[in-house]
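Inspection log for the structure reproduced underneath, given as structure tokens.
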Amino acid sequence: MELSAAQIAEFDDRGYIVIKDLLNQDEVRVLQDAVPEVLARTGPEVVRESDNPETARLAFGPHFYSEPFEMLAKLPRVLNPVKALLRDDVYLHQSRLNPKPGFGTGGGWEWHQDFPPWHMIDGMPEPKCIMVSVFIDDCTPVTSPLLAIPRSQHHGLLDSKLHEDAKGRGYALHHINQEALTKLADEGGIEPIIGDAGTVAFVHCNVVHGSANNVSPWRRAICYLNFNAVSNACTSEERPWYQNNRDFTPMEAVDDASLARLVTA
Ligand SMILES: O=C(O)CCC(=O)C(=O)O
């Protein structure tokens, strides 16, 4: 799939584009079936909710150890748009699966940009990174969707503060203070990024976003594939493999049917 000039212009202006049904329902099912095994891992790559250790808050690195997520990251439908938007070859800096289970157990995310920890800890020079948000479940107004401030990426790296419970947030989340957030939201508005399972949003890493906790009865899993431009490779080795991938080889696409082929009868 190739993006149109209008889609690229929309991304450059608003900071994100949403493509409905980028994955078909068979592919969605393969990914949904793979979620329990990912979340059952016992290594440090799976971070639990601090107030509810039974519940996984996020699993880093599923593309390393789960074939469906590896194939997802290499689909031409995913890779080609990222390369077009970043105007470069890309590698996968990091992937995360946020399951966001229902009944309030899937916790919220304070308003933040994704770039600060990548820049400050991993040594990513520029915000030339895209968070590809793959909806594994339906993301509706009631399942605590991602909330984003359009055009906020134009403000560059904003002042932010390392969250005092960074470990409980899942990573070194830098949140934005209320005054700055109010100004940005008054100016740009706040939009929910919603769509059925199989929808994919391509989001610039400096777009300010957050989400509430999920009080609906339904799980709202999203897989984030955070692609970096090869020319923008990270310089630090502080964080482990599952947070800061050190293989900067330009990614090659697999056959477009590779994920669908994993359907079991
Ligand atoms: O999945 C969510 O609701 C938000 C996740 C998020 O903002 C993040 O992982 O940086």
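Computed from a predicted model, the values in this text were never measured in an experiment. Atoms within a ligand are numbered from 1 in the order they appear, just like the ligands themselves.
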Taking only heavy atoms of [X] into account, list the atoms of ligand 1 that are under 4.0 Å away from them.
X: Lys100; answer: 3 (O)
X: Ser211; answer: 2 (C), 3 (O), 4 (C)
X: Asp114; answer: 10 (O)

Between the side chains of [Y] and [X], is the shortest nitrogen-to-carboxylate-oxygen separation below 4.0 Å, so that they form an ion pair?
X: Asp137; Y: Lys100; result: no
X: Arg77; Y: Asp256; result: yes
X: Lys183; Y: Asp186; result: no

Select the closest option to atom 6 (C) of ligand 1 among His112, Met131, Arg220, judged by heavy-atom distance. His112
Determine, step by step, whether Trp118 and Cys205 satisfy the side chain to side chain contact (heavy atoms under 4.5 Å, CB included) criterion, reporting the C-alpha distance in whole Å, the side-chain angles of both residues, the deciding distance to 0.1 Å, and the verdict. CA-CA 10 Å; Trp118 302 340; Cys205 63; 3.6 Å; yes
If we set the cut-off at 4.0 Å for heavy atoms, which region of [X] has an atom near ligand 1: side chain, backbone, both, or neither?
X: His209; value: side chain
X: Ile222; value: neither
X: Leu58; value: neither

side-chain contact (heavy atoms from CB on, under 4.5 Å) against Thr249, all qualifying residues, sequence neighbours excluded: Asp247
Pairwise ring pair (Phe, Tyr, Trp, His ring centres under 6.0 Å) hits with a residue in residues 210-233, at least two apart: none
